[in-house]
Amino acid sequence: MALLVDDMASGELLPALDANMVAFWTPYGRGAGCTLHATPGAVWFYTGVQHPLFNGVIRATLGPDEVEITRDALQAHIKERGAPALWWVGPQSKPDNLRTRLESLGLQPAGEAPGMAIDLASLPDDLSAISGFVVERVEGAAKQAQWARIAAIGTEALDIAASALERIEATLADPQYRAQRRYVGVLDGVPVATSALVLEHGVAGIYAVATLPAARNKGIGRAMTLSPLLEARRLGYRVGILQASSMGHPIYKKTGFRDVCTYWLYMQS
């Protein structure tokens, strides 16, 4: 096991939050028909899925002259395949004026995503039962594809994006992907929700928490967040992290997560 982040006051928390996010997204760049660029200065991937979340720059520690070079390299893929991309600009990003540089290059602000953390010792020992609901681990290409479709629809992606992500997810099989844990929530025998757990860089990262519209407001999103975190705690992890959507942020706050940083999102199209 990697050296764990002990608590939310640790100076290692923000670097771990960034690195854990990179670990979640980079396998998508290794999927069939996808591209991954990973150097010490930048990590970006491009799937061609028609949703910006599945294309973009997830770490940038660039020199001033490298920002435009990175923008141009990603733009070549956008020109060829048409899908937009996001840049994630956080507290570890470089240069310090990266947001201004991106705007000067024509990128548009696309909102903010709070980086959040929680002390896993504060979690309840058991979750409140939801009638007819269970959380199952995803195994195998067919279940991976099912997971991807539910995650996409649950985040209100268009059907064309859901279908593309479904195809790509079924091809993911590299060791970094297999080290992650994906879950599907099943209500009365029907898969309705997703989440993923990434145990890397000393923290437990939660991703892709999504619930189909017909199954919302039943506590399922909370269960899909806490169940993996309880598993991480049993494995010895002490801090959970995530990047929150505007829909999820108030739910995570009620669960006990605290804001620890902000990611500014920029759209490249």
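Nothing here was measured: the structure is a model prediction, and the numbers come from that model. The first residue of the sequence shown is numbered 1, and numbering continues consecutively from there.
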From CD1 (I206) to OG (S195), nearest 0.5 Å: 6.0 Å
Min side-chain heavy-atom separation T61-S93 under 4.5 Å: no
Main-chain N/O of S269 paired to Q75 side chain as donor or acceptor, under 3.5 Å: yes
Side chain to side chain, D18 and P15, heavy atoms closer than 4.5 Å: no
N55: side chain to side chain contact (heavy atoms under 4.5 Å, CB included) partners, not counting sequence neighbours: Y46, T47, A83, A85
Side-chain (T194) to main-chain (I150) donor-acceptor, under 3.5 angstrom: no
Q176 versus T26, side-chain donor and acceptor atoms under 3.5 Å: yes
Side chains of R258 and M116 in contact at under 4.5 Å (non-hydrogen atoms): no
Donor-acceptor contacts under 3.5 Å from residues 35-43 side chains, at least two apart:
{"from": "T39", "atom 1": "OG1", "to": "G41", "atom 2": "N", "distance (Å)": "3.3"}
{"from": "T39", "atom 1": "OG1", "to": "A42", "atom 2": "N", "distance (Å)": "3.2"}
{"from": "T39", "atom 1": "OG1", "to": "A42", "atom 2": "O", "distance (Å)": "3.3"}

Closest heavy-atom pair and its distance - P228, A223: CD-O, 4.1 Å
D119 (side chain) donor-acceptor with M8 (main chain) under 3.5 angstrom: no
All pairs passing side chain to side chain donor-acceptor pair (under 3.5 Å) where residues 143-153 contributes a residue, at least two apart: Q144-Y177, R149-D159, R149-S163, R149-E166
Please report, to 0.1 Å, the donor-acceptor pairs under 3.5 Å made by any side chain of residues 133-140, with sequence neighbours excluded.
none

Between Q180 and Y207: side-chain donor-acceptor atoms closer than 3.5 Å: no
same_hphob_cluster(L235, L229) at 4.5 Å side-chain heavy-atom cutoff: yes
Side chain to side chain contact (heavy atoms under 4.5 Å, CB included) partners of P64, counting only residues at least two apart: R101
Rounded distance (nearest 0.5 Å) linking atom CD of E231 with atom CG of L197: 6.5 Å
Hydrophobic cluster membership, L14 vs F24, 4.5 Å side-chain cutoff: yes
Any H77 side-chain heavy atom under 4.5 Å of F45 side chain: no
For A110, all residues meeting side chain to side chain contact (heavy atoms under 4.5 Å, CB included), sequence neighbours excluded: L86, L265, M267
Any pair counted as salt bridge (Lys or Arg N to Asp or Glu O under 4.0 Å), so long as it reaches residues 28-39, sequence neighbours left out: R30-D174
D259 and H249: CA distance, side-chain angles, deciding distance, side-chain contact (heavy atoms from CB on, under 4.5 Å) verdict: CA-CA 9 Å; D259 293 356; H249 185 250; 2.9 Å; yes
Considering all heavy atoms, the nearest L172-G31 contact: CD2-CA, 3.5 Å
Cluster overlap L212 with L165, hydrophobic side-chain contacts below 4.5 Å: yes
CG/D72: more than 12 non-hydrogen atoms of other groups inside 6.0 Å: yes
With D96 via side-chain hydrogen bond (donor to acceptor under 3.5 Å, both in side chains) - residues at least two apart: K94
Salt-bridge criterion met for R233 and D125 (N-O under 4.0 Å): yes
Taking every non-hydrogen atom, the tightest pair across L4 and G236: CD1-O, 3.0 Å
Non-neighbouring partners of F54 that pass ring-ring contact (aromatic ring centres under 6.0 Å, His included), sequence neighbours left out: W25, H51
Pairwise ring pair (Phe, Tyr, Trp, His ring centres under 6.0 Å) hits with a residue in residues 82-127, at least two apart: W88-Y263
Polar side-chain atom of S10 near backbone of D6 as donor-acceptor pair, under 3.5 Å: no
Interatomic distance, R222 atom CZ to I130 atom CD1 [nearest 0.5 angstrom]: 9.0 Å
Spacing of CG belonging to D65 relative to CD1 belonging to I69, to within rounding of 0.5 Å: 6.5 Å
Side chain to side chain contact (heavy atoms under 4.5 Å, CB included) partners for A215, two or more places apart: L187, V192, T211, I220
Spacing of T225 atom OG1 and Y183 atom OH [to the nearest 0.5 Å]: 12.0 Å
Joint hydrophobic cluster, Y28 plus I153, side-chain heavy atoms closer than 4.5 Å: yes
Distance (rounded to the nearest 0.5 Å) between R71 CZ and L107 CG: 7.5 Å
Minimum-distance pair of heavy atoms, taken over all atoms of Q50 and P84: OE1-CD, 4.3 Å
Any side-chain heavy-atom pair of L105 and V67 under 4.5 Å: yes
Ionic contact status for E200 with R181, cut-off 4.0 Å: no
E66 side chain vs G63 backbone, donor-acceptor pair below 3.5 Å: yes
Residues L127, L230; criterion side-chain contact (heavy atoms from CB on, under 4.5 Å); working and verdict: CA-CA 9 Å; L127 299 181; L230 289 173; 3.9 Å; yes
Side-chain heavy atoms of V209 within contact of Y252, under 4.5 Å: yes
Same apolar cluster (I L V M F W Y, side chains within < 4.5 Å links), L98/L17: no
Side-chain heavy-atom pair P109, Y266 within 4.5 angstrom cut-off: yes
Pairs satisfying side chain to side chain donor-acceptor pair (under 3.5 Å), at least one member in residues 104-116, at least two apart: E112-W264
Audit row: L102, V89, side-chain contact (heavy atoms from CB on, under 4.5 Å) steps and yes/no: CA-CA 10 Å; L102 293 177; V89 182; 3.8 Å; yes
I241 side chain near Q243 side chain, heavy-atom distance below 4.5 Å: yes
Worked check of side-chain contact (heavy atoms from CB on, under 4.5 Å) between V203 and Y237: CA-CA 6 Å; V203 291; Y237 285 80; 5.6 Å; no
Over all atoms of both residues, closest heavy-atom pair of A232 and A204: CB-CB, 3.6 Å
